[in-house]
Amino acid sequence: MKTLIIAEKPDMGRTIAAVMEPRAKNNRTYLEGEKYIVTWAIGHLLGLAEPDAYDDKYKRWNIKDLPIIPEQFKIVPNPKTKDQLKMIGELAKRCNAIVNACDAGREGQYIFALIQQQLKLHQPVKRLWISDLTAESIATGFERLRDASEFEFLTQAARARSEADWLIGMNASRAFTTRHNTLLSVGRVQTPVLALIHDREKEIEAFQSQTFYDVWAEFKQDQIKYKGAWQGDRLTKPEEAEAIAVAVRGKTGKITKYDTKQTKEYPFKLYDLTLLQREANAKYGYSAKKTLDVAQALYERHKVISYPRTNSNYVTEQNIDGMHKALRMLGTGPYADLVQQANPNLVHKQNKSVCNPSRVEDHHAILPTLKRPGTLSKEEQNVYDLVIRRFLSHFFPPAEYKMHTVMTQVDKHLFKTNIKELLSLGWKVVLSKADQDKGKKSKTSKKEDEEETDEWTDKKFEIDAGRPVDCVRAEMKEKATQPPKSYTEGTLLKAMESAGKQMENEELREVMKDAGLGTPATRAATIERLKKVGYIEMKGKKILITEKGKMAIDLIRHAGVDLLASPEMTGQWERRLHQISKGEAAQEKFMDNVKRFTLSIIDKVRQQPAAPANAFGEEARGKRAAGKEGARNVRASGGTAAKGGGRATSGRGGSAGSATLEQAAAPASRAAGTAGSAARSSSDGASGNSVSQRQALGSCPRSNCGGSIIEGRKGYGCSHYKLGCGFVVWKEYAGKQITETMLKSLLTKGQTQLLSFKRKDGSTVKARIVLNEPGTGQLSVREES
């Protein structure tokens, strides 16, 4: 009899067949050769059954029927792929052995385990465990097939993950939805991630900007010029700062201290999936899902990179020879010039920044394979280029710098200067010129309260500390403290990786990797889930939380189940799943804890007062979850099902307001109907109060209106909108948030205080936002010299 090989996807199956059975007959859903029959799943062929599979009463959602805790979880075929599942069963009857060739990871293990369970496959199973799909790797993998029993703990972790997500997602979603009469998706992973976004937006809203002043001076000695930042307590009065600038301008100073030291900057770590997603988001604006899809195509279809769903930034000793071969392969083609400059001797088994077997678990870092790429799409080429340049950087020496620290005194005032002098680019030659320049800019940028310069130069910096210097220029600069930045997908991935801990220390972040939110393979799906259920929306690269998303977190926290929204605690759950996969923790104990937590969620939600009908924003209003359709829509697996999932509701609204000064400065007419509609949206806020109950922020400036201006979700509108008043001021305009203070100034004075705006070319200009049309609320920006 023959051996059945079950791959995860058709492309993988055909690639394996081309190596193991090159003359196999193609039968559309499988390939058959002399020794092997190769077939495939299509992602998840099976999943956990819906609650109504256990009892018909669960077809209708009722909090009295909760909790739903099956004694034994049922699995059901995916209706779209049931024919392929049936085919695997028929093929298995003709074989006396099976090879599990699904992806070498937790989800791949789970996909096979469910197929084996459903079809009651009793044949002995071997495991193909490889990190890329090159012919060499496949052939070597089959020579070293491992016994399936070696992966039993990984299967247990996969089951625990899936069943825990089902218990919490199904029960918590039904509890909160039925209690508050609005479709609310809750999950073990997605909810803590939403909490991260919620808390960041709260920080931004609560931030109070403070104005302060810096004093900068430019010094000259012979042909050398350098800038210095005044040292002292923060200056909050402009006259104090101006007095210092006047006191030193044109004076002679002396250098009181001058230190130099040599520094080296080594290449950044090889990519794991999360780091690749972060870089692709920062450089190209790709979503986490987009990068994962592209990387998976480069792995599966083009076979030019290794397995991308990895959480390691290192390789093992066995990978070193392959890295050298890949370097030689890249010696012809677009990277030939860089390969000629590379030093193969720098990548070796003792180089712990590359080769660190203790930091490699299931898969090594993402590497190029020995296959040359054919025709790639633009997105594929961009991601491939990131991988190649990061790979090549480790064959180059570190970049070298000379750090100069200069303390200059003029009169009684002290100025500090940091100069970073480039001695050798080293590995940075692999970066494009644009990336090199961007790197310089990012290194020079400082936080508002760091009153120092940090200049870059590739020219030699020489100064005689024993000779005087002239202060040729001095000026005061007005600055303002900046709020935290909204998450992008890249920065959110970083926060998820460390369970929300903003750790700059790479070693600490490495330790937290096992306790992150989700896994590298599932984080993109979590973010997409939050978009689909209407909890977040994108504005450019920024992730913004919707009213529905805010209310969901508030309700969860007010119910007293903070653990459900706790990034760190849920990260520890992921750590426990990792321990189960290694045989270091028991699956049963983990599931017992999940069941107890599920019971506590239900008990606390039952006692919670119902939220007002309009508390979730107008998009969510009127959406009830009832019956099987509601169950499917709200089904929440914790946001961790990376390889397929159920349908999700979507209710996302757009955002209003101009983004740039140039757009805002050119007034555009707004139709009265549009303004009236916007005013209604603005008036239907999320506070749960009626119009008459809301605080009046001022009188409507529209002639003979008599209404009051009240705050809504996206703007400030007139309480007489039902009588036809179309006045509305959007909360965001020309890149600025319109606060209540600014609104009152607009209503009473027709303009705001003086603000700083950035032009498209990066220059800054002082201007005011002006109420251009009192009848509609149309604004414009007026520059002031």
Side-chain angles (χ1 to χ4, degrees), residues 3 5-22 24 31 33 35-36 38-41 98-109 111-112 125-148 150-151 154 270-273 276 295-330 347 349 354-355 357 360-374 376 380 383-384 387-388 390-391 520-521:
T3 296
I5 300 173
I6 302 177
E8 187 165 313
K9 294 179 181 176
D11 281 348
M12 297 171 66
R14 293 188 182 101
T15 301
I16 291 170
V19 176
M20 303 308 297
E21 289 282 8
L31 295 132
K35 184 178 179 182
Y36 297 105
V38 185
T39 189
W40 43 78
I98 296 175
V99 174
N100 173 7
C102 292
D103 271 359
R106 191 168 78 184
E107 286 304 299
Q109 192 68 16
I111 286 171
F112 179 84
V125 177
K126 293 291 185 181
R127 185 60 158 111
L128 176 68
W129 194 267
I130 55 177
S131 289
D132 60 63
L133 290 171
T134 60
E136 182 182 25
S137 294
I138 292 169
T140 302
F142 270 88
E143 289 172 7
R144 302 173 182 172
L145 287 174
R146 299 163 68 176
D147 195 87
E150 294 180 43
F151 301 91
L154 186 62
L270 292 167
Y271 284 125
D272 61 7
L273 176 59
L276 179 63
Q296 198 70 18
L298 291 171
Y299 164 66
E300 284 183 9
R301 187 162 67 249
H302 300 287
K303 303 170 186 63
V304 293
I305 66 170
S306 62
Y307 184 73
R309 297 169 184 259
T310 175
N311 67 346
S312 179
N313 305 102
Y314 302 92
V315 303
T316 66
E317 295 173 349
Q318 289 73 37
N319 300 123
I320 298 299
D321 182 56
M323 291 180 72
H324 286 173
K325 289 179 179 177
L327 179 69
R328 291 193 290 273
M329 180 272 294
L330 294 168
V347 174
K349 295 177 182 179
V354 175
C355 182
V360 181
E361 293 174 353
D362 298 335
H363 304 286
H364 55 70
I366 301 173
L367 299 173
T369 67
L370 303 183
K371 188 176 187 301
R372 299 179 188 278
L376 302 179
E380 290 168 343
V383 173
Y384 182 68
V387 173
I388 295 301
R390 182 60 59 92
F391 167 78

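- Under the 3.5 Å distance criterion, the side-chain polar atoms of S131 are left unmatched by any main-chain donor or acceptor of Y307.
- The line from CD1 of I366 to CD1 of I388 is 11.5 Å long, rounded to the nearest 0.5 Å.
- Closest non-hydrogen pair, C102 versus G108, comes out as CB-O, 3.4 Å.
- Side-chain contact between L327 and M323 is absent, with no heavy atoms from C-beta onward closer than 4.5 Å.
- Separating the NZ atom in K349 from the OG1 atom in T316 is a distance of 9.5 Å, to the nearest 0.5 Å.
- Residues forming a side chain to side chain donor-acceptor pair (under 3.5 Å) with K303 (at least two apart in sequence, or on another chain): T15.
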Would you mind writing out the side-chain donor-acceptor pairs for residues 139-147 within the sub-3.5 Å range, not counting sequence neighbours?
from, atom 1, to, atom 2, distance (Å)
T140, OG1, E136, O, 2.8
R146, NE, E150, OE1, 3.1
R146, NH2, E150, OE1, 3.3
D147, OD2, S149, N, 3.0
D147, OD2, S149, OG, 2.6

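- Scanning for side chain to side chain donor-acceptor pair (under 3.5 Å) contacts around D11 gives an empty result, with sequence neighbours left out.
- Contact of the H364 side chain with the T310 side chain is not registered, since no non-hydrogen atoms from C-beta on lie closer than 4.5 Å.
- Rounded to the nearest 0.5 Å, atoms CD1 (I5) and CG (N100) are 11.0 Å apart.
- Between A365 and S306, the closest heavy-atom pair is O-OG, 3.5 Å.
- Across all their heavy atoms, A41 and P10 have their closest contact at O-CD, 3.9 Å.
- V315 and L270 get closest at one heavy-atom pair: CG1-CD1, 4.0 Å.
- No side-chain heavy atom of K35 sits under 4.5 Å from any side-chain heavy atom of M20.
- From L298, atom CG reaches atom OG1 of T369 across 9.5 Å, with rounding to the nearest 0.5 Å.
- Panel note: side chain R309, backbone L273; no donor-acceptor pair is recorded below 3.5 Å.
- Two residues are said to be in side-chain contact when any heavy atoms from C-beta on lie closer than 4.5 Å; C355 and E317 meet this criterion.
- A distance of 7.5 Å separates CG in L128 from CD1 in I138, rounded to the nearest 0.5 Å.
- In this structure, the side-chain contact (heavy atoms from CB on, under 4.5 Å) partners of A148, at least two apart in sequence or on a different chain, are V125.
- The backbone N or O of V347 sits less than 3.5 Å from a side-chain atom of H324, completing a donor-acceptor pair.
- Atom NZ in K371 sits 11.0 Å away from atom CG in L133 (nearest 0.5 Å).
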Stepwise side-chain contact (heavy atoms from CB on, under 4.5 Å) test for I16 and Y36:
CA-CA 10 Å; I16 291 170; Y36 297 105; over 6 Å; no
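- Within the 4.5 Å cutoff, side-chain heavy atoms of D103 are placed close to those of M12.
- For E21, there are no salt bridge (Lys or Arg N to Asp or Glu O under 4.0 Å) partners two or more places apart in sequence or in a different chain.
- Taking the salt bridge (Lys or Arg N to Asp or Glu O under 4.0 Å) definition, one finds that R328 meets it with nothing, sequence neighbours left out.
- Using a 4.5 Å cut-off on side-chain heavy atoms (C-beta onward), N319 and V360 make no contact.
- Closest approach of Y384 and L330 over heavy atoms only: OH-CD2, 4.0 Å.
- The two atoms that bring L31 and G13 nearest to each other are CD1-O, 4.4 Å, heavy atoms only.
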